[in-house]
Number of protein chains: 2
Amino acid sequence: MTGTLKVVGLGPGDAALLTPQACEALRQADVIVGYTLYVALVPEELKTGKEIISTGMMGEMARCSGALDCALEGRNTVIVCSGDPGIYAMAGLVFELVEERGEAAAGLDVQIIAGIPALSAAAALLGAPLMHDFASVSLSDLLTPWEVIEKRLACAAEGDFVIVLYNPKSKKRDWQLPRALEIIAAHRDKTTPVGIVRQANRAEQAVITTTLSDFDPAVVDMLSIIIIGNGSTRMIGGRMVTPRGYMDKYRQ
Amino acid sequence: MTGTLKVVGLGPGDAALLTPQACEALRQADVIVGYTLYVALVPEELKTGKEIISTGMMGEMARCSGALDCALEGRNTVIVCSGDPGIYAMAGLVFELVEERGEAAAGLDVQIIAGIPALSAAAALLGAPLMHDFASVSLSDLLTPWEVIEKRLACAAEGDFVIVLYNPKSKKRDWQLPRALEIIAAHRDKTTPVGIVRQANRAEQAVITTTLSDFDPAVVDMLSIIIIGNGSTRMIGGRMVTPRGYMDKYRQ
């Protein structure tokens, strides 16, 4: 008899952005597993009376493996992620670990519960930068060779995609962001609008807009999302907007 | 004295995926404006006693302009979108129309309320296809020249991005999807997993997984989202998973 394993997206962290579906999954859980910072985002009343297993950064393997053990013991287990669990988060690793366990985990019911992704939260605060085709690139080279990241940045810039940068820097990674901006700037005007959102929908939220040439990487921290406009993106009354083409089609 | 204009994301349509923030915006609204199909997704109790302005497809300009008029008359106005209002939806057009009105609309409070995007809902149902860098491309050439779309598809494929296709076809657009698949297939193995999600989280939901060479465009309709794997994406127990690299790093 096995339980269920749900990988649940908390969204940016504000309870006003937590879906009823995610709430219900947390309510039904016997065990809640997650990175300490994310577990802290779960509303208190949903944690009461439950086993909480929180681990520090870089503990992804242990965290997901521990959650799998709990679910296989027959307990309803939730792994919490910030944003959407399906975007640079834990959903994929869970399926890989289930596969590694073979027969022992074959019948396990694994569900992914979507959350508001960081890119949506950041875009909403900036205006409407993602109205047209966009590419999302993580600058973390801990798991991905830097050459692959450079190639993707160049392709995204060449294709005139609006570019979303995840994991732009950390204490140990500081040269990747300036290098990424250099690659993008080779294809894009220096006045291209850039939006930086730190800690969207949390108390420490900061929303900054600048341009590709004025961008100071010092304003960016580990919890920032960066959105770089495409060739049409412009500022309208302080908001960053990528037109989709309605005005061109219907007003000219 | 002007009201507020909120552009609100309903998510895929199931009330379980509507955020409390979006609910609250609908509750406070005097007027709810939207495409007929999307207005139908708003829970009945949130529509009671309110003016509802719903328009057919292609009525985007009239819809947003009408909403702007209501807000400028001092009424709390909500424009509803399915998914996230900031991704191929109405958020951008609203800012452009505010700009067009000049001084008359300069003081208007415009807020974008994020919703669960179609790409997140589709990914959650498929497994974990968006765990690594991805690019989103709309195949609608109503507002975007087809050459631009082709160029973006080629760049996304060359950069080994997981590719999300929005608006893959409509009654009048049927050749774009086969052509897009051809462009992508030039850069990607024919066994690459492809996921198709029709009407995510609605009664008519369908989730299909296939491969690039076996993909039959006939299974796709106007309300489908398509996700095409990158070079590492594989099927695990029926789920589509793009590994991020944890297993390679920690298990070998």
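Sequence lines set the chain letters: A, B, ... in the order given, protein chains first and strands last, and positions in each chain run from 1. All values below come from the heavy atoms of this structure, side chains included, with hydrogens, waters and symmetry mates left out.
- With respect to chain B, the highest number of heavy-atom pairs below 4.5 Å among A:Gly237, A:Ala123, A:Ala135 belongs to A:Ala135.
- Inter-residue side-chain proximity for A:Asp14 and B:Gln21 is flagged as unmet; no heavy-atom pair is nearer than 4.5 Å.
- In this structure, A:Ile112 CD1 and B:Leu125 CG are separated by 10.0 Å, a value rounded to the nearest 0.5 Å.
- With a 4.5 Å cut-off on non-hydrogen atoms, A:Glu100 touches chain B through its side chain but not through its backbone.
- Listed options A:Gly92, A:Gly245, A:Gly9 were ranked by heavy-atom pairs under 4.5 angstrom with chain B; first place goes to A:Gly92.
- Proximity of B:Ile116 to A:Thr19: side-chain heavy atoms (C-beta onward) are separated by under 4.5 Å at one or more points.
- Note that the CE atom of B:Met61 and the OH atom of A:Tyr250 stand 8.0 Å from one another [nearest 0.5 Å].
- A salt bridge links A:Glu99 with B:Arg234: at least one charged nitrogen is closer than 4.0 Å to a carboxylate oxygen.
- With a 4.5 angstrom heavy-atom cutoff, B:Arg152 touches chain A via backbone and side-chain atoms both.
- Between B:Arg239 and A:Val110, the closest heavy-atom pair is NH2-O, 2.7 Å.
- For the set B:Cys155, B:Ser138, B:Ala114, B:Pro129, the entry with the most heavy-atom pairs within less than 4.5 Å of chain A is B:Cys155.
- Of the two parts of A:Ala154, neither the backbone nor the side chain holds a non-hydrogen atom closer than 4.5 Å to a non-hydrogen atom of chain B.
- The shortest side-chain heavy-atom distance between A:Met90 and B:Tyr246 falls under the 4.5 Å cut-off.
- Only the backbone of A:Pro85 comes within less than 4.5 Å of a heavy atom of chain B; no side-chain atom from C-beta onward does.
- Remark: A:Ile87 CD1 to B:Asp133 CG distance equals 11.5 Å, nearest 0.5 Å.
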With side chain to side chain contact (heavy atoms under 4.5 Å, CB included) as the test, would you mind laying out the steps for A:Arg244 and B:Thr144 before giving the verdict? CA-CA 8 Å; A:Arg244 182 140 179 236; B:Thr144 305; 5.5 Å; no
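- Proximity to chain B (any heavy atom under 4.5 Å) is shown, for A:Val137, by both the backbone and the side chain.
- Listed options B:Leu17, B:Val241, B:Ile113 were ranked by heavy-atom pairs under 4.5 angstrom with chain A; first place goes to B:Leu17.
- Between A:Tyr88 and B:His132, the two ring planes are perpendicular [angle over 60°; tilted spans 30° to 60°].
- Taking each heavy atom of B:Phe161 and A:Ser136 in turn, the nearest pair found is CE2-O, 3.8 Å.
- For A:Leu18, the part lying under 4.5 angstrom from a heavy atom of chain B is the backbone only.
- Of all the listed residues (B:Gly127, B:Cys23, B:Ala121), the one sharing the greatest number of non-hydrogen pairs under 4.5 Å with chain A is B:Gly127.
- Of the listed residues (B:Ala89, B:Ala22, B:Ala157), the greatest number of heavy-atom pairs within a distance under 4.5 Å of chain A belongs to B:Ala89.
- For A:Asp160, the parts sitting under 4.5 Å from any heavy atom of chain B are the backbone and the side chain alike.
- Considering every non-hydrogen atom in both B:Ala15 and A:Pro20, the closest pair reads O-CG, 3.7 Å.
- Only the side chain of A:Leu119 comes within contact range of chain B, with at least one heavy atom under 4.5 Å from a heavy atom of that chain.
- A:Phe134 places a side-chain heavy atom less than 4.5 Å from the side chain of B:Phe134.
- Taking the side chain as every heavy atom from C-beta outward, B:Leu97 and A:Arg251 approach each other to under 4.5 Å.
- Neither the backbone nor the side chain of B:Ala106 comes within less than 4.5 Å of any heavy atom in chain A.
- Ranked by heavy-atom pairs under 4.5 Å with chain A, the list B:Met240, B:Glu96, B:Lys151 is led by B:Glu96.
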